[in-house]
Each structure stands twice: as C-alpha cells, then as structure tokens.
Amino acid sequence: SPDGRRLVLAHGIGRALVIDADTGKALPALEGTQRARLHPDDGCLTGDGRLLVSFGETFRVTTTTRPGPGGKDVEQESWSAGEGVVSVWNTQTGKALKTWKAGGVRVAFCPTRPLLAVVEANGETEVRVGFWDFAAEVEKK
C-alpha cells in the first residue's frame, strides 16, 4: 500500500493474502477468493491500505462420480476457468464490497480518499469513466 502498511500476496488459486506489514500477520481472508486466482499487480490499494481492488479469474468446480477399483465409486473434481472479474475488498474485514466483470476495465484509487475511478470501453471507439465512492463501507479508524 502507499503508506507501506499492507502487502498483498497471491499465488495460484485460492492463495491470496493481505499482510499487515507492521506485525507480519495475515489479515482476514478475502471473501470469495477460495476459487479464484488474483492478479494484485494489476490492482491497487487505497492510500491507507484499507481497501483493495484487484483483477482475477473465478473457477468452477465440477464433481463427477466414476467407477473405481473394487467397484467403489470415486469422486473426481475438475476445475475450469470462469470469467474475469474485478473486486473491491475491505482489507480489515476481508469482506467483498463489489465485484463485476473485468472486460477491458482499468482502475485506480484516489490517493487521499476511498474513491475508485473505473475506465472501460463504451462501444467500439469510446471509453467511459465512472467513480465509486466507498467512504460509507470503510469503517472509521
């Protein structure tokens, strides 16, 4: 985070952590990431590290049953990539505040308040800019 107090780590599916850099301890798990791969390098944190926006891919898990050795049925899971998403989390609680499809979206947080700017395609030749103010969702210090 810009204030140096939060670090986001992600490796593989379901392995995303926000670390408190002062204590070295993990903050609460990010809601909805158990079956997702995050790309925090393409996201950002608010100036105080309380909100995280990150791109990621969701995964679907399908369980099938097939005959196994000795006539016992064996369950087998298969994972397949779902859609690309952008999500915003409260790093203090791990709660997901907003998630939407990621197609061609770019994001940035205001450095002084929890205001997210979103730039996305609007037709073939135009773009639009939107703003989401997350001040109501951020707990007071």
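All figures in this text were calculated on a predicted structure; none of them were measured in a lab.
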Inset, instruction - Using the test side chain to side chain donor-acceptor pair (under 3.5 Å), find all partners of T91 that sit at least two apart in sequence or belong to another chain. - result: none
Inset, instruction - Please name all residues satisfying side chain to side chain donor-acceptor pair (under 3.5 Å) with T33, sequence neighbours left out, ordered by chain then number. - result: none
Inset, instruction - Just jot down the side chain to side chain contact (heavy atoms under 4.5 Å, CB included) partners of Q34, sequence neighbours excluded, or say none. - result: none
Inset, instruction - Indicate, with yes or no, if L38 and L51 share a hydrophobic cluster defined by side-chain heavy-atom contacts under 4.5 Å among Ile, Leu, Val, Met, Phe, Trp and Tyr. - result: no
Inset, instruction - With sequence neighbours excluded, give me every ring-ring contact (aromatic ring centres under 6.0 Å, His included) pair touching residues 37-73. - result: none
Inset, instruction - Return the minimal non-hydrogen interatomic distance between A108 and C44, and the atom names on each side. - result: CA-SG, 3.9 Å
Inset, instruction - Over all heavy atoms of both residues, which pair between L45 and P2 is shortest? Give the atoms and the distance, please. - result: O-CD, 4.0 Å
Do any side-chain atoms of residues 122-129 form donor-acceptor pairs under 3.5 angstrom with protein atoms, and if so which ones, sequence neighbours left out?
| from | atom 1 | to | atom 2 | distance (Å) |
| --- | --- | --- | --- | --- |
| R128 | NE | E120 | OE2 | 3.0 |
| R128 | NH2 | E120 | OE2 | 3.4 |

Legend entry - For S87, side chain to side chain donor-acceptor pair (under 3.5 Å) partners two or more places apart: T99
Inset, instruction - List in chain and number order the residues that pass side chain to side chain donor-acceptor pair (under 3.5 Å) with Q76, two or more places apart in sequence or in another chain; answer none if no residue qualifies. - result: R66
Inset, instruction - State, with a plain yes or no, whether a side-chain heavy atom of T58 is found less than 4.5 Å away from one of R35. - result: no
Inset, instruction - Write out all pairs satisfying ring-ring contact (aromatic ring centres under 6.0 Å, His included) with one or both partners inside residues 89-118, taking only residues at least two apart or from two chains. - result: W100-W132
Inset, instruction - Could you point out which residue of N90, V88, V8, T46 forms a side-chain contact (heavy atoms from CB on, under 4.5 Å) with L52? - result: V8
Legend entry - By side chain to side chain contact (heavy atoms under 4.5 Å, CB included) - contacts of R106 (at least two apart): V119
Inset, instruction - Answer with yes or no whether the hydrophobic clustering places V18 together with L97; edges join I, L, V, M, F, W, Y residues whose side-chain heavy atoms lie under 4.5 Å apart. - result: no
Legend entry - Sequence-distant partners of D133, salt bridge (charged side-chain N to carboxylate O under 4.0 Å, His left out), two or more places apart: none
Legend entry - Side-chain hydrophobic cluster, 4.5 Å single linkage: members besides L9: L7, L17, I19
Inset, instruction - With the side chain counted from C-beta on, respond yes when D20 and R6 share a heavy-atom pair under 4.5 Å apart, and no when they do not. - result: yes
Could you tabulate the donor-acceptor pairs under 3.5 Å formed by side-chain atoms of residues 21-31, not counting sequence neighbours?
| from | atom 1 | to | atom 2 | distance (Å) |
| --- | --- | --- | --- | --- |
| D22 | OD2 | R5 | NE | 2.7 |
| D22 | OD2 | R5 | NH2 | 2.7 |
| T23 | OG1 | K25 | N | 3.2 |
| E31 | OE1 | A96 | N | 3.0 |

